[in-house]
Amino acid sequence: RRVRRRQRGGAVVDVAGGHGLLAHLMLLLDDTSSNAIVLDPTLPPSHLLLHAAIVEAWPRLRGRVAFREGAVAHFDVTATDVIVSSHACGSLTDAILDRAVGARAPVGVLPCCHDLATCDAGALDGWLDGPLAIDVMRAMRLTQHGYRVWTQTIPFAITPKNRLLIGKP
């Protein structure tokens with residue numbers, strides 16, 4: 001909901017989407033998006049079974065969600081897409097932000113599994129804990145690329161990795 005409040009329409013690209021729950025939800029929240037693509041390096045074997053069950057419950061999603069195996073670095077993103085990812089582990093969040101910035105596309109990520117060895121904490125890790133420093137640097141990077149940035153949290157009870165980063169060019 002928080003991403004949809006800031007960005008409506010556009011094709012949804014759910015990176016590291018697995019079963020595609022986020023992609024389906026984004027379409028249910030905003031019918032102005034015509035379609036969604038679930039991109040994952042390795043799709044779970046049950047992704048089509050779950051997709052079929054969701055479409056049975058919400059028939060308006062029929063034919064609107066596609067699944068693709070592959071890396072975000074090799075996927076074409078356009079300025080009209082809405083790039084989202086829930087629990088984009090380690091440097092995957094940075095790869096997603098890079099693709100969004102390169103296309104000038106809106107983005108919403110929920111980073112997790114911060115890798116202090118590969119992710120940029122800047123000079124902030126002396127004041128902030130490492131994962132927070134990394135996310136601050138990510139927000140600043142989007143700002144430096146001309147994005148309007150919103151930083152929010154979702155309830156800790158949903159996930160302890162609860163920092164939401166939304167950016168819109």
With side-chain contact (heavy atoms from CB on, under 4.5 Å) as the test, would you mind laying out the steps for R5 and R1 before giving the verdict?
CA-CA 6 Å; R5 286 182 194 135; R1 279 192 330 238; 3.5 Å; yes
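- Remark: the H19 side chain and the H24 side chain contain no N/O donor-acceptor pair separated by less than 3.5 Å.
- Side-chain contact check for L116 versus I134: some heavy-atom pair is nearer than 4.5 Å.
- Judged by distance alone, the side chain of R104 and the main-chain N or O of P169 form no donor-acceptor pair under 3.5 Å.
- If you take CD on Q152 and CD1 on I154, they are separated by 10.5 Å, rounding to the nearest 0.5 Å.
- Y147 contributes a side-chain N or O that, together with a main-chain N or O of A105, makes up a donor-acceptor pair within less than 3.5 Å.
- Listed for the T93 side chain is a donor-acceptor partner under 3.5 Å among the backbone atoms of A88.
- Follow the hydrophobic side-chain contacts under 4.5 Å out from I96 and you never reach M137; the two are in separate clusters.
- When atom types are taken as modelled, the side chain of E69 and the backbone of L43 share a donor-acceptor pair closer than 3.5 angstrom.
- Open room surrounds CD on E56; 12 or fewer heavy atoms of other groups in view lie less than 6.0 Å from it.
- What you find for R138 and L165 is that their closest heavy atoms are CB-CD2, 3.8 Å.
- In this structure, S33 OG and L28 CG are separated by 11.0 Å, a value rounded to the nearest 0.5 Å.
- With a 4.5 Å cut-off on side-chain heavy atoms, V107 and I166 do not count as touching.
- Judged by distance alone, the side chains of R4 and T32 never bring a donor and an acceptor atom under 3.5 Å apart.
- In summary, the side chains of D94 and S91 do not present any donor paired with an acceptor at a separation below 3.5 Å, with no hydrogens or angles considered.
- For the pair R2 (side chain) and T153 (backbone), a donor-acceptor distance under 3.5 Å is present.
- Contact annotation: the side chain of H145 never approaches that of M140 to less than 4.5 Å [non-hydrogen atoms, C-beta and beyond].
- You'll find the side chain of R163 stays beyond 4.5 Å of the side chain of T151, heavy atoms only.
- In this structure the side chain of I83 reaches within 4.5 angstrom of the side chain of V77, judged on heavy atoms.
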Do L39 and D14 pass the side-chain contact (heavy atoms from CB on, under 4.5 Å) test, and can you show the C-alpha distance, the side-chain angles, and the key distance before you say yes or no?
CA-CA 6 Å; L39 180 66; D14 180 4; over 6 Å; no
Go through the steps for V3 and V84 under the test side-chain contact (heavy atoms from CB on, under 4.5 Å), then give the verdict.
CA-CA 9 Å; V3 172; V84 295; 4.2 Å; yes
Begin with the C-alpha distance, continue with both residues' side-chain angles, and end with the deciding distance and a verdict on side chain to side chain donor-acceptor pair (under 3.5 Å) for N162 and T159.
CA-CA 6 Å; N162 65 344; T159 178; over 6 Å; no
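- For the residue pair A139 and V149, the shortest heavy atom distance occurs at O-CG2, 3.7 Å.
- Salt bridge status for R64 with D31: present, with a side-chain N to carboxylate O gap under 4.0 Å.
- The shortest distance between side-chain heavy atoms of F67 and I37 does not fall below 4.5 Å.
- Residues V38 and V65 are in side-chain contact: their nearest non-hydrogen atoms beyond the backbone lie under 4.5 Å apart.
- In terms of heavy-atom proximity, C119 sits nearest to G90 at SG-C, 3.7 Å.
- Residues L21 and L27 are members of one and the same hydrophobic cluster, defined by side-chain heavy-atom contacts under 4.5 angstrom among Ile, Leu, Val, Met, Phe, Trp and Tyr.
- Across all non-hydrogen atoms, the minimal contact from A121 to G130 is CB-O, 4.4 Å.
- No donor-acceptor distance shorter than 3.5 angstrom exists from the side chain of D81 to the backbone of V12, with no hydrogens or angles considered.
- When side chains are defined from C-beta on, H51 counts as touching V55, because their heavy atoms get closer than 4.5 Å.
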Report the C-alpha separation of V136 and L128 in whole Å, then their side-chain angles, then the decisive distance to 0.1 Å, and conclude whether the side-chain contact (heavy atoms from CB on, under 4.5 Å) test is met.
CA-CA 9 Å; V136 168; L128 305 174; 4.0 Å; yes
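- No side-chain donor from either of D40 and H47 sits under 3.5 Å from a side-chain acceptor of the other.
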